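Beneath this line is the structure, given in structure tokens, with notes to follow.
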Amino acid sequence: MQTLLDIRNLSKRFGPIVAVDDVSFQVARGEVVGFLGPNAAGKTTTMRMVAGYLPPGDGSVAVCGHDVVRDAHAAQARIGYMPEGAPSYGDMSALSLLRFVTRIRGLSAADRKRRIDEVIDRLHLEGVLHRPVETLSKGFKRRVGLAAAIVHDPDVLILDEPTDGLDPNQKYEVRNLLQEIAGNKAIIISTHILEEVEAICSRAIIIARGQVVADALPDELQARAPGHNAVYLSVAADREAAARSAVEAVEGVARIDALSGNQQSARFLAVPTDQRDILDAVRKAVANDGIEIQEIRLERGRLDDIFRELTKAA
Amino acid sequence: MRVIGAITARELSAYFASPLAYVFIVIFLALSGGLTFHVGGFIERGQADLEPFFQFHPWLYLFLIPAVGMRLWAEERKTGTVEFLMTLPVSAAEAVVGKFLAAWLFAGIALVCTAPIWITVNVLGQPDNGVIFAAYLGSWLMAGGFLVISACISALTANQVIAFVGAVAMCFIFMMSGVDFVQSAFRGWVPPMLLSTIADLSLLGNFTALSQGVIDLRNVVYFLSLIGIGLVINTAVVELKKGA
């Protein structure tokens, strides 16, 4: 795969504070990278350096082979960047904003018209084209910001918290849009919403205190979570003790965590040693004892848990 | 040039998208008209010239031009759009020049709106229109000088009120540098030669010559270099603030 974004040993300090510390990674065409980290981990600073807003303190960033410092305009021409909160000129209408951006970016008259029509269509901006951006709802403002970031069809798309503060429907729409356009671009989205990573990212990079602490597929991260491959089991409340002893006898079960139940059901989580697969064994053991299973399922492991483990203060 | 043109067009339309442009023009016309007739004694003097009109321009500009310039950068910083703008393929110099040109053109539009007084003086008598033209040119150049100072101060802060007050103070120093009040602040610790140089840098002094109809190259060069140097400083400040 073609590498579109190449970040090497990137660092940045603000006075005594090290915001970004020796970050390196590459993003290829077709990848959607979820850039995760707690607040103040260095996500925004990293993205600003990639977008050419902040000069790198140390290290280098190349966009499609163009260094963001030495060859800033060529790099910026291939990047679409939406800063946090999608700031845009409130007094302008969505249409004039898009015209302004395409004019600055030097698109030909024919391309301008075609591209603007395309993003208007794609982001459903038809109804708000002539209204000043400051009068639009948050969801529409975000869409206008996204439209401005993708209107020149960039190879690399950098979005700083694109879904932050949107309602669930709007989040869903933004995610769908990103999936639609993902195919031929390299996309980085920063977020601290972990479900977003599962929903749209092909890769997750977690940073904490300015350093990359994980760079893996979302599935691999889940596999590293403490609860990966645990078995969730729900049985009738009066069979609780029987079920518990049946599960305890299964080989490979390290411990059983009681979960909150109600009057009808008792719920457990059977955690295996070494994340081995115990689903079938547990199901058979319980069924063999004649206990009716209300619900049984395999836990994939929670990204939240691995996120917390990787990013907690050392 | 394409980029500068796009930024200038955007900024200029931003003035007219808000009430600022109309408020500014109305106040400028009302004040300049009022001062010309009531304080300057335009009619009573019985002379066919616009001196009573132009003599108040430095004082009007002292407060009105910082009001035009204060938003140029402070507003962008406040709303975060500076990050949007500076991550487009735009250099800081292009953005600085584009914004300055928009504000300067706007000041020019306000100045053009005073044309009725030029017509009036031609109806009432036979003025030397060359002198008036020179004075208009001088007034516009002076507006550029005030503007570039305001733009620099605006780039230093995200607060428009601070940008305005700072710009008024700075413009006052530049305007009055030939006057004893400002000179005394430098006297004693600055070599006498530099003292007279500071006096020569006065906006007021350079404008007075132009407003009397003398298009002296030195005065024109003064204003243009003030603008040029101001733009260079403005660019440096924008670059510097970008990294912080």
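Sequence lines set the chain letters: A, B, ... in the order given, protein chains first and strands last, and positions in each chain run from 1. What you see is a predicted model; the values in this text were computed from it and never measured.
Listed in order of number, the residues of residues 140-176 of chain B that approach chain A to under 4.5 Å between heavy atoms amount to none. Residues of residues 134-155 of chain A that come within less than 4.5 angstrom of chain B, heavy atom to heavy atom, are A:Ala148 in numerical order. Interface with chain B: from residues 60-68 of chain A, no residue qualifies, criterion being any non-hydrogen pair under 4.5 Å. Within residues 85-102 of chain A, the residues having any heavy atom less than 4.5 Å from a heavy atom of chain B are, in residue-number order, A:Pro87, A:Ser88, A:Tyr89, A:Asp91, A:Met92, A:Leu97, A:Phe100, A:Val101.
Using a 4.5 Å cut-off between heavy atoms, B:Thr87 contacts chain A through both its backbone and its side chain. Of the two parts of B:Ile4, neither the backbone nor the side chain holds a non-hydrogen atom closer than 4.5 Å to a non-hydrogen atom of chain A. When heavy atoms are compared at a cutoff of 4.5 Å, A:Ala51 approaches chain B by way of both its backbone and its side chain.
Note that the NZ atom of B:Lys242 and the CZ atom of A:Arg48 stand 12.0 Å from one another [nearest 0.5 Å].
Remark: the backbone N or O of A:Ile104 is paired with a side-chain donor or acceptor of B:Arg2 at under 3.5 angstrom.
No side-chain heavy atom of B:Leu88 sits less than 4.5 Å from a side-chain heavy atom of A:Gln76.
Taking chain A as the reference chain and counting heavy-atom pairs below 4.5 Å, the highest number among B:Ala9, B:Ser91, B:Ala17 is found for B:Ser91. When A:Pro132, A:Gly80, A:Ala75, A:Pro83 are compared by the number of non-hydrogen pairs under 4.5 Å with chain B, A:Pro83 comes out ahead. Per-residue heavy-atom pair counts under 4.5 Å with chain B were compared for A:Ala77, A:Ala72, A:Gly106, and the maximum is reached by A:Gly106. Ranked by heavy-atom pairs under 4.5 Å with chain A, the first of B:Met86, B:Glu75, B:Arg10 is B:Arg10.
A:Arg105 and B:Pro89 make their closest contact through NH1-CD, 3.4 Å (heavy atoms, listed as atom of the first residue, atom of the second, distance).
Heavy-atom neighbours of B:Phe16 CZ from other residues, nucleotides or ligands within 6.0 Å: above the threshold of 12.
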